[in-house]
Peer 1: 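Have a look at the structure that comes next, please.
The model shown is predicted, which means the values in this text are computed figures rather than measured ones. These values consider heavy atoms only, across backbone and side chains, with no hydrogens, waters or symmetry-generated copies.
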Amino acid sequence: EGYSLLNPQGEFVGVNQAFCELTGYAEGELLSMKLRDLVPSGAPLTLFPKLVEGQTGERKIEILRKNGERLHTSIKGSSLAFSGQTYFLGIVTDITAQFEAEGHYRLSEEKYRTLFDSAPDPIVIHDGKTILDLNQAAANALSLTHKNEVLGQDPMSLIHPEDRDQARQRLTQLGRTGKTLPPEEFRILIHNDEHRTVLASPTMIEFGGKQAFMVNYHDITERKAILEALQKSEENYRNVVQDQTEYIMRYLPDGTITFVNDSFCRAFQTSPEEAMQQNITVGNRGAEIARVKNKIKALSPETPIIVDEHESTTADGKKAWHLWIDRGIFDEDNNLTEIQAVGRDITARKQIEESLHASSTQLEEAQKMANIGSYILDINKDSWTGSDILFEMFGVDKDTKALSVAQWSEIVHPDDRDEMNSYFASRVANRHRRFDREYRIINKKDHSLHWVHGLGDFTFNDDGNPLKMIGVIQDITERKLAEREREQALLDAQTANQ
């Protein structure tokens with residue numbers, strides 16, 4: 001059977017391989033066509049409007065194949081809802097052979113019997129009280145060795161007890177009006193009290209010289225199980241989505257909102273009905289509208305996800321920061337069909353970041369005033385990172401990510417280098433003692449000499465092994481010069497006194 005899925009405009013949005021083989025078109029071609037494109041010119045479309053109106057039904061129509069050949073088919077249609085939209089499912093069966101055989105049937109009872117027995121769907125003929133005939137497919141469906149096992153029995157014995165009253169009402173209606181009824185779902189009993197779900201299509205016929213009912217049963221047990229599983233999956237998905245604390249929204253490329261969850265409604269003080277009447281690309285929010293349009297335009301199969309942080313005004317007039325992750329959903333032709341956006345309020349995080357930035361700025365200014373730079377030495381990686389002020393003190397490029405201990409040693413004054421290496425290796429690195437030393441360095445850029453005072457202490461893991469040494473280094477050149485001047489002045493005074 002061919003399966004096709006239509007939107008309310010009659011455009012194909014999904015087909016299976018069997019439908020492609022029936023029509024002679026490739027899947028990509030069908031997804032760019034409408035139902036009208038497969039119907040011969042002038043032929044009426046009587047089933048599709050009824051589906052749009054919410055009815056279900058079955059029609060026999062001719063399909064115009066790609067090669068121009070006309071194919072006789074039976075289409076069973078029903079509507080289904082998915083993601084807030086209505087689609088129309090058409091189950092198409094090639095009945096060309098059946099159609100031709102029906103013509104011959106009017107001329108030959110033998111050909112009718114061949115068609116009847118070879119029909120793929122179970123067929124039962126009865127007069128309302130007694131089963132008169134059934135085909136081989138019906139015998140197989142009922143797990144019969146021979147159809148004589150049920151001939152002469154009440155046809156209602158084949159129907160599940162809970163469905164029998166409904167079946168009798170349909171037969172009464174058909175017998176009274178003579179009009180073919182649309183297929184309806186029933187359960188038929190098979191061996192061991194098991195049952196299968198079928199679509200029953202009764203028709204008034206003449207059989208053995210009297211009026212009878214011919215009922216075609218189409219087994220939909222597997223299809224129904226799949227649909228129920230899909231519905232359950234959709235229900236579970238919606239429950240998960242509704243339980244999320246993040247805001248979840250889906251919208252079309254033109255900005256029309258198609259879905260919002262409860263968190264979205266609470267955050268923006270709206271209801272799902274009100275939200276889905278809105279368009280996020282329309283309004284007087286100039287900069288925000290432009291940002292959203294640019295975001296939609298930037299989505300592509302190569303860049304399907306865009307992360308967007310921006311400041312918004314809430315329904316109560318307050319300022320808030322939101323983080324949105326928008327994912328584009330594309331069809332097989334890479335056309336953007338919908339966008340799913342997940343957002344959260346990051347106002348608190350932004351406030352913390354601003355506070356940290358302010359604190360960092362104040363700390364940096366304080367370090368500048370005191371000529372103090374900070375550093376972290378990763379013991380395991382031998383990676384020595386410092387602040388901008390420290391790297392400026394050392395004459396090291398600020399873009400430098402890290403120094404090794406050996407590179408730090410190269411900055412130490414040559415006359416102090418051996419002593420500092422020995423001090424660091426024996427007293428600090430090996431004994432894990434606090435680093436506290438005054439020493440000289442040579443600025444790598446201008447080669448100027450500076451006195452510095454280094455302080456540092458270790459952090460340890462749970463096993464007592466050192467992980468890092470964290471500390472500060474202060475430029476004390478001015479203090480050292482002042483001390484030298486005081487010493488020299490004292491020496492000069494002593495000399496003068498002598």
Peer 1: What I'd like to find out is whether the side chain of Asp127 reaches to under 4.5 Å of the side chain of Pro155, using heavy atoms alone.
Peer 2: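 A side-chain contact under 4.5 Å is absent here.
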
Peer 1: Kindly say whether Thr145 contributes a backbone atom to a donor-acceptor pair with the side chain of Glu149 at under 3.5 angstrom?
Peer 2: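 Judged by distance alone, yes, a pair lies under 3.5 Å.
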
Peer 1: Write down the atom of Ala275, the atom of Phe264, and the distance for their closest heavy-atom approach.
Peer 2: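 Shortest heavy-atom contact: CB-CE2, 4.3 Å.
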
Peer 1: Within the 4.5 Å heavy-atom criterion, are Leu336 and Ile329 side-chain neighbours or not?
Peer 2: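 No. Closest side-chain heavy atoms not under 4.5 Å.
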
Peer 1: Treating Ser4 as the side-chain partner and Val15 as the backbone partner, does any N or O pair qualify as donor plus acceptor under 3.5 Å?
Peer 2: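 Answer holds: no.
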
Peer 1: Could you tell me the separation between the SG atom of Cys265 and the CD atom of Glu274, rounded to the nearest 0.5 Å?
Peer 2: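 Reported value, rounded in 0.5 Å steps: 8.5 Å.
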
Peer 1: So does Asp254 get a backbone contact from the side chain of Asn279, meaning a donor-acceptor N/O pair under 3.5 Å?
Peer 2: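 At least one qualifying donor-acceptor pair exists.
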
Peer 1: Applying salt bridge (Lys or Arg N to Asp or Glu O under 4.0 Å), run through Glu338 and Arg327 and close with a yes or a no.
Peer 2: CA-CA 9 Å; Glu338 197 171 17; Arg327 176 185 288 274; over 6 Å; no

Peer 1: Is the closest side-chain donor-acceptor distance between Asn140 and Gln136 under 3.5 Å?
Peer 2: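 Side chains of Asn140 and Gln136: pair found under 3.5 Å.
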
Peer 1: Using salt bridge (charged side-chain N to carboxylate O under 4.0 Å, His left out) as the criterion, list what pairs up with Arg187, not counting sequence neighbours.
Peer 2: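 For Arg187 the salt bridge (charged side-chain N to carboxylate O under 4.0 Å, His left out) partners, ignoring immediate neighbours, are Glu162, Asp163.
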
Peer 1: Check the pair Leu189, Glu194 against side-chain contact (heavy atoms from CB on, under 4.5 Å), reporting the backbone distance first and the verdict last.
Peer 2: CA-CA 6 Å; Leu189 299 175; Glu194 296 180 6; over 6 Å; no

Peer 1: At their closest point, which heavy atom of Ile306 faces which heavy atom of Ala298, and how far apart are they?
Peer 2: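 Residues Ile306 and Ala298, closest heavy atoms: CD1-CB, 3.6 Å.
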
Peer 1: Below 4.5 Å, heavy atoms only, C-beta onward: do Asp326 and Ile305 meet side chain to side chain?
Peer 2: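 Not touching, per the 4.5 Å side-chain cut-off.
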
Peer 1: Could you go step by step and tell me if Leu30 and Lys66 meet the side-chain contact (heavy atoms from CB on, under 4.5 Å) rule?
Peer 2: CA-CA 10 Å; Leu30 288 167; Lys66 185 175 181 179; over 6 Å; no

Peer 1: Taking Asn461 for the side chain and Asn465 for the main chain, is one N or O donor matched with an acceptor at less than 3.5 Å?
Peer 2: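 Judged by distance alone, yes, a pair lies under 3.5 Å.
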
Peer 1: If I take atom OG1 from residue Thr73 and atom CD1 from residue Ile63, how far apart are they, to the nearest 0.5 angstrom?
Peer 2: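 Result: 3.5 Å between the selected atoms.
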
Peer 1: Asn135 side chain to Ile123 main-chain N or O, any donor-acceptor pair under 3.5 Å?
Peer 2: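 Checked: pair present.
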
Peer 1: Is the shortest side-chain heavy-atom distance between His195 and Phe186 below 4.5 Å?
Peer 2: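 SC-SC contact between His195 and Phe186 ruled out.
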
Peer 1: Taking the side chain as C-beta and beyond, is there a heavy-atom pair between Val92 and Leu22 under 4.5 Å?
Peer 2: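 Heavy-atom side-chain distance check passes, below 4.5 Å.
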
Peer 1: Look at Glu228 together with Lys224 and state whether they make a salt bridge at an N to O cut-off of under 4.0 Å.
Peer 2: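 Yes, this pair counts.
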
Peer 1: When you measure from the side chain of Thr177 to the backbone of Gln173, do you find a donor-acceptor pair of N or O atoms at a distance under 3.5 Å?
Peer 2: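 Yes, the answer is positive, given that a donor and an acceptor are paired below the 3.5 Å cut-off.
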
Peer 1: Quick one: does any side-chain atom of Thr96 pair with a main-chain N or O of His72 as donor and acceptor, under 3.5 Å?
Peer 2: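 Here the side-chain-to-backbone pair exists.
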
Peer 1: Under 4.0 Å between a Lys/Arg side-chain N and an Asp/Glu carboxylate O for Arg65 and Glu21?
Peer 2: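 Answer for the salt bridge query: no.
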
Peer 1: Looking at OG of Ser300 and CZ of Phe330, how far apart are the two atoms once the value is rounded to the nearest 0.5 Å?
Peer 2: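 The CZ atom of Phe330 is 6.0 Å from OG of Ser300, to the nearest 0.5 Å.
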
Peer 1: Taking C-beta and beyond as the side chain, do Ile379 and Leu467 meet within less than 4.5 Å on heavy atoms?
Peer 2: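 In short, these two side chains do not touch, never coming nearer than 4.5 Å.
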
Peer 1: Answer with yes or no whether the side chains of Glu58 and Ser74 bring together a donor and an acceptor at under 3.5 Å.
Peer 2: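 The criterion, which ignores hydrogens and geometry beyond distance, is satisfied for Glu58 and Ser74.
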
Peer 1: Take Asp154 and Lys129, measure what salt bridge (Lys or Arg N to Asp or Glu O under 4.0 Å) needs, and give me the verdict at the end.
Peer 2: CA-CA 5 Å; Asp154 183 354; Lys129 297 180 180 180; over 6 Å; no

Peer 1: Rounded at 0.5 Å granularity, tell me how far OG in Ser201 sits from NZ in Lys76.
Peer 2: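 Ser201 OG to Lys76 NZ: 5.5 Å, rounded to 0.5 Å.
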
Peer 1: Please give me the minimum heavy-atom distance between Thr281 and Ile289, naming the atom from each residue.
Peer 2: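 For Thr281 and Ile289, the tightest heavy-atom pair comes out as O-CG2, 3.4 Å.
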
Peer 1: Could you tell me the separation between the OG atom of Ser79 and the OH atom of Tyr87, rounded to the nearest 0.5 Å?
Peer 2: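 If I round to the nearest 0.5 Å, the distance is 13.0 Å.
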
Peer 1: Tell me whether the centres of the aromatic rings in Phe268 and Tyr247 are closer together than 6.0 Å.
Peer 2: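 Yes; Tyr247 has its ring centre under 6.0 Å from that of Phe268.
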
Peer 1: Within the side chain of Asn16, is there an N or O that forms a donor-acceptor pair under 3.5 Å with the backbone of Tyr3?
Peer 2: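 A pair under 3.5 Å: yes.
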
Peer 1: Classify the side-chain pair His126/Gln153 by whether it contains a donor and acceptor separated by less than 3.5 Å.
Peer 2: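 No, Gln153 and His126 have no side-chain donor paired with an acceptor closer than 3.5 Å.
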
Peer 1: When the ring centroid of Phe19 is compared with that of Phe12, is the distance short of 6.0 Å?
Peer 2: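 So the answer is yes for these two rings.
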
Peer 1: State, yes or no, whether a side-chain contact exists between His218 and Pro183 at a heavy-atom distance under 4.5 Å.
Peer 2: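 A side-chain contact is absent here, since even the closest heavy-atom pair is not under 4.5 Å.
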
Peer 1: Do Asp331 and Thr337 touch side chain to side chain, with heavy atoms closer than 4.5 Å?
Peer 2: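 Yes, at least one pair of side-chain atoms sits under 4.5 Å.
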
Peer 1: Once rounded to the nearest 0.5 Å, what's the spacing between atom CG of Asp308 and atom CH2 of Trp324?
Peer 2: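 Taking CG in Asp308 and CH2 in Trp324, the distance rounds to 10.0 Å.
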
Peer 1: I need the minimum non-hydrogen distance between Ala26 and Cys20, along with the two atoms involved.
Peer 2: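 That closest heavy-atom pairing would be C-SG, 4.2 Å.
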
Peer 1: If I compare all heavy atoms of Glu1 with all of Ala18, which pair ends up nearest, and what's the gap?
Peer 2: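 Closest heavy-atom pair between Glu1 and Ala18: O-CB, 3.1 Å.
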
Peer 1: Ignoring hydrogens and geometry, is there a side-chain-to-backbone donor-acceptor pair from Thr93 to Ile95 under 3.5 Å?
Peer 2: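 Judged by distance alone, no pair lies under 3.5 Å.
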
Peer 1: Could you walk me through whether Glu185 and Val198 pass the side-chain contact (heavy atoms from CB on, under 4.5 Å) check?
Peer 2: CA-CA 6 Å; Glu185 192 175 300; Val198 299; over 6 Å; no

Peer 1: Do NZ/NE/NH1/NH2 and the carboxylate oxygens of Lys34 and Asp37 come within less than 4.0 Å?
Peer 2: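 The answer is no: the pair does not qualify as a salt bridge.
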
Peer 1: Please name the pair of heavy atoms, one in Lys147 and one in Asp133, separated by the smallest distance, quoted to 0.1 Å.
Peer 2: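 Smallest heavy-atom distance, with atoms named: NZ-OD1, 3.0 Å.
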
Peer 1: Would one find more than 12 heavy atoms of other residues, nucleotides or ligands at under 6.0 Å from atom NZ of Lys295?
Peer 2: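 Counting neighbours around NZ of Lys295, more than 12 heavy atoms of other residues, nucleotides or ligands fall under 6.0 Å, so yes.
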
Peer 1: Arg349 vs Glu309, test: salt bridge (Lys or Arg N to Asp or Glu O under 4.0 Å). Steps then yes/no.
Peer 2: CA-CA 12 Å; Arg349 193 196 81 189; Glu309 287 186 8; 2.6 Å; yes

Peer 1: Within the distance-only criterion (no hydrogens, no angle test), does the side chain of Arg250 pair as donor or acceptor with the backbone N or O of Ile339 below 3.5 angstrom?
Peer 2: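 No; judged by distance alone, with no hydrogens or angles, the pair does not exist.
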
Peer 1: Please test Tyr217 against Asp121 for side-chain contact (heavy atoms from CB on, under 4.5 Å), starting from the C-alpha separation and ending with a verdict.
Peer 2: CA-CA 6 Å; Tyr217 296 100; Asp121 283 340; over 6 Å; no

